[in-house]
Amino acid sequence: MSKLSLGETFHDEQAFVQIHRGGSSGIGSEEKLAACKELGTDVCINYKTEDFVTHIKEETGGEGVDVILDNIGGPYLQRNLDSLNVDGRLFIIGFMGGTMTQVNLGCYPDCAR
């Protein structure tokens with residue numbers, strides 16, 4: 001079983017969190033972004049208007065996150081892989097977006113940096 005440690009970063013389609021710093025992605029409206037801010041979220045990403053991979057890389061100094069919970073599946077797999085740091089862990093917990101996809105493994109591990 002994998003455990004999230006203090007200082008590690010976390011991302012799922014609903015949240016991007018660093019243990020001592022909250023954030024959220026997978027939010028598609030300004031109202032939901034505002035609600036997350038009220039709950040103490042430091043970083044909010046609107047998936048309809050922003051690229052979460054770019055935003056995550058900016059927030060983590062280019063490193064990416066340590067853990068991703070993916071409940072979308074297919075269409076998000078490549079983007080989630082691109083959001084992970086070198087030793088990051090990806091947990092696929094759902095397939096709301098489908099089960100089929102293509103993955104570009106040609107750039108790994110260099111593209112994870």
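Heads up: numbering here begins at 1 and tracks the sequence. What you see is a predicted model; the values in this text were computed from it and never measured.
- Scanning for side-chain contact (heavy atoms from CB on, under 4.5 Å) contacts around Lys32 gives Ile27, Ser29, with sequence neighbours left out.
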The test is side chain to side chain contact (heavy atoms under 4.5 Å, CB included); show your working for Asn46 and Leu33 and say whether it passes. CA-CA 7 Å; Asn46 184 332; Leu33 290 171; 3.8 Å; yes
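- Atoms CD1 and OH, on Ile68 and Tyr76 in that order, are 12.0 Å from each other to the nearest 0.5 Å.
- Note that OG1 of Thr49 and CD of Glu30 are 6.5 Å apart. Values are rounded to the nearest 0.5 Å.
- For Thr101, the side chain to side chain donor-acceptor pair (under 3.5 Å) test picks out no residue, with sequence neighbours left out.
- Here the CG atom belonging to Leu81 is positioned 10.0 Å from the CG atom belonging to Asn104, to the nearest 0.5 angstrom.
- Summarising the geometry, atom CG belonging to Asp70 is positioned 10.0 Å from atom OG belonging to Ser83; distances are rounded to the nearest 0.5 Å.
- Between the CD1 atom in Ile45 and the OG1 atom in Thr54 there is a gap of 9.5 Å [rounded to 0.5 Å].
- Between the side chain of Glu59 and the backbone N or O of His55, no donor-acceptor pair lies under 3.5 Å.
- The shortest heavy-atom contact between Pro75 and Gly97 is CD-O, 3.4 Å.
- Contact of the Arg89 side chain with the Phe91 side chain is registered, since non-hydrogen atoms from C-beta on lie closer than 4.5 Å.
- Salt-bridge formation is not detected for the pair Lys57/Asp82: no Lys NZ or Arg NE/NH1/NH2 atom is positioned less than 4.0 Å from an Asp or Glu carboxylate oxygen.
- Interatomic distance, CG of Asn80 versus CD1 of Ile56, reported as 7.5 Å (0.5 Å rounding).
- Phe52 and Val103 fall within a single hydrophobic cluster, where Ile, Leu, Val, Met, Phe, Trp and Tyr side chains are chained together by heavy-atom contacts under 4.5 Å.
- A continuous path of hydrophobic side-chain contacts links Leu105 to Leu84 [ILVMFWY only; heavy atoms under 4.5 Å].
- Side-chain contact between Leu69 and Ile92: absent, with no pair of heavy atoms (C-beta onward) separated by less than 4.5 Å.
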